Number of protein chains: 2
Amino acid sequence: MLNSYTKEDKVMLAIDCIIFGFDEEGLKILLIKRDFEPERGKWSLIGGFLKVNETLDEAASRILYTLTGVHDIYMEQFYTYSEIDRDPVERTLSVSYYALIDIERHNEELIENYNASWHSIAEVPKLIFDHDKMLDKGLKRLRRRTSIVPIGFNLLPEKFTMLQLQKLYEAILDKPLDKRNFINKINSMDILIKLNEKDMSSSTKGSFLYMFDGEKYNAKLTDNFYLKL
Amino acid sequence: MLNSYTKEDKVMLAIDCIIFGFDEEGLKILLIKRDFEPERGKWSLIGGFLKVNETLDEAASRILYTLTGVHDIYMEQFYTYSEIDRDPVERTLSVSYYALIDIERHNEELIENYNASWHSIAEVPKLIFDHDKMLDKGLKRLRRRTSIVPIGFNLLPEKFTMLQLQKLYEAILDKPLDKRNFINKINSMDILIKLNEKDMSSSTKGSFLYMFDGEKYNAKLTDNFYLKL
DNA sequence: CTTTACACGTGTAAATATAACACTTATTAA
DNA sequence: TTAATAAGTGTTATATTTACACGTGTAAAG
């Protein structure tokens, strides 16, 4: 804004989204196999273009909804990519987001229609354009964020066991955690509700189910309160 | 990219830059007083528009050079703002950067020509548009980054005293630090070169000058090596 | 009915990291 | 020679993090 308003250049803005999910096998991302040129048949993050009358968050929500059939997905914008030739067809910048969803809670049919599928984070194929770079940065951001702020719950069903939660953190941080230390840490934060309900699928004894207590968490947000796992 | 390439909307992209500087008085930012509409006479971050043939980093560098006369300024992109009416004149998104410069090393004349001036971080006036929000987020990012990665040196002259470095960190983190603990921490990182040269301006005894050792630092980057101040 | 198998749940001690704290030293100017 | 001033330097106490092992409850098998 050093100059007055004159006709400035305009560009196309893509939104590309890393959709993270989690199951017994670990951390996964949702990719689509492109059925159009360029790069037909190659794997790609989920994306779309910004419309002139929506915000980036709205565009990201729209794109996420289109593919998953789910509203109100947790997401965070993390970087804007602008290499001149990043998209070989036309000058396009891309604002990247990552999103966290409960892997059970999405529309299978939509995913199939769009040629999408889940890939373990350790076995992600080569992606188009600069999507590899995006994934790298997004994953790093996710790691940093989850170890500070309890956003990981977005990857779990509403009710979960302590072991599930631990496995989730292990998958995200890509390192083993000590069971007792983990439980002590989580409990000391006092942001979980312990239910009078057990998951009996994993053992004869059964393991208690927990829920994330968003209200308690929000009440604590004033102090600089964080995890560090 | 769920759809094939058709005519997608295009938008104007601004780049807005928080230029941080540091002197005896503390942490400062460079602001310009707008001499054009809208918001004439109001304070604003330093900005400009992306040209179709440059990357965001190039645009940011260009804008920084225009105002300061300095090349190769340390900078980091941190968020892209997209509220529909953030700019009342025309639909414009803004990619925000922060930059760190040695406050002594810029072109006074240019700054005057552009109606720019330095403002202590504690006394920043109301800014135009969503620039307040940008500053808030940028400052938070700077705080987090400086306490992890030694980027603070970019705000100091090449040679500096320990006390200067401590004052810098105190200014960025906005909290007092213990002198001995600070020096021990910094020394334990082993990324400074102690010069055989003293700054005599502050005391009769004089205090040793140091330089940041970028090579040593880079060599250590492999391990997860960080400050935590 | 008893035993076995299995994962759940729990606490303490050692090691490490952080935080608190005060005096001696070098130099110049009075 | 003395006084004044900021520089430089280590140790102890506290807090945090890590390491580590066994009793418990339940269902299925015998």
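What you see is a predicted model, and the numbers here were worked out from it, not measured in a lab. First the proteins, then the strands, lettered A, B, ... as listed; each starts at 1.
For M162(A) and M200(B), each mapped to the nucleotide of DNA chain C holding its nearest heavy atom, the one lying further toward the 5' end belongs to M162(A). Where S207(A) and G206(B) each meet DNA chain C at their nearest nucleotide, the meeting point lying more 5' is that of S207(A).
Within 4.0 Å of K179(B), counting heavy atoms only, lies at least one base atom of the nucleic acid. Within 4.0 Å of T204(A), counting heavy atoms only, lies at least one base atom of the nucleic acid. Residue I183(B) is in base contact, counting any heavy-atom pair closer than 4.0 Å across all strands shown.
By the neighbour-count criterion of 12 heavy atoms within 6.0 Å, atom NZ of K140(A) is sparsely surrounded, having that number or fewer from other residues, nucleotides or ligands. K167(A) NZ: 12 or fewer foreign heavy atoms inside a 6.0 Å radius.
Nucleotide dT25(C) holds its P atom 16 Å from the CZ atom of F208(B), rounded to whole Å. The distance between atom CD1 of I186(B) and atom P of dG8(D), rounded to the nearest whole Å, is 14 Å. Note: OH (Y210(B)) to P (dA7(D)) measures 11 Å, nearest angstrom. Distance, L163(A) CG to dC6(C) P: 16 Å, rounded to whole Å. Rounded to whole Å, the distance from CG on N184(B) to C1' on dA20(C) is 12 Å. Remark: P of dT12(D) and CG of N181(B) are 15 Å apart, rounded to the nearest angstrom. Protein atom CD of Q166(B) is 15 Å distant from nucleotide atom P of dA6(D), rounded to whole Å. L165(A) places its CG atom 15 Å from the C1' atom of dC8(C), with the value rounded to the nearest Å.
Aromatic rings of H119(B) and W43(B) (six-membered ring for Trp) have centroids within the 6.0 Å cut-off, being under it. Ring-centre distance between F153(B) and F160(B): below the 6.0 Å cut-off.
With dT10(C), dA7(C), dA7(D) as the choices, the nucleotide that has an atom nearest any side-chain atom of K205(B) turns out to be dA7(D). With dG11(C), dA19(C), dA7(C) as the choices, the nucleotide that has an atom nearest any side-chain atom of R180(A) turns out to be dG11(C).
The shortest distance between the side-chain N/O atoms of T161(B) and the OP1/OP2 oxygens of dA7(D) is not below 4.0 Å. Contact check, K185(A) against dT17(D): a side-chain N or O comes under 4.0 Å of OP1 or OP2.
The side-chain contact (heavy atoms from CB on, under 4.5 Å) test with L64(A) singles out one residue from I15(A), D72(A), I101(A), I19(A), and that residue is I19(A).
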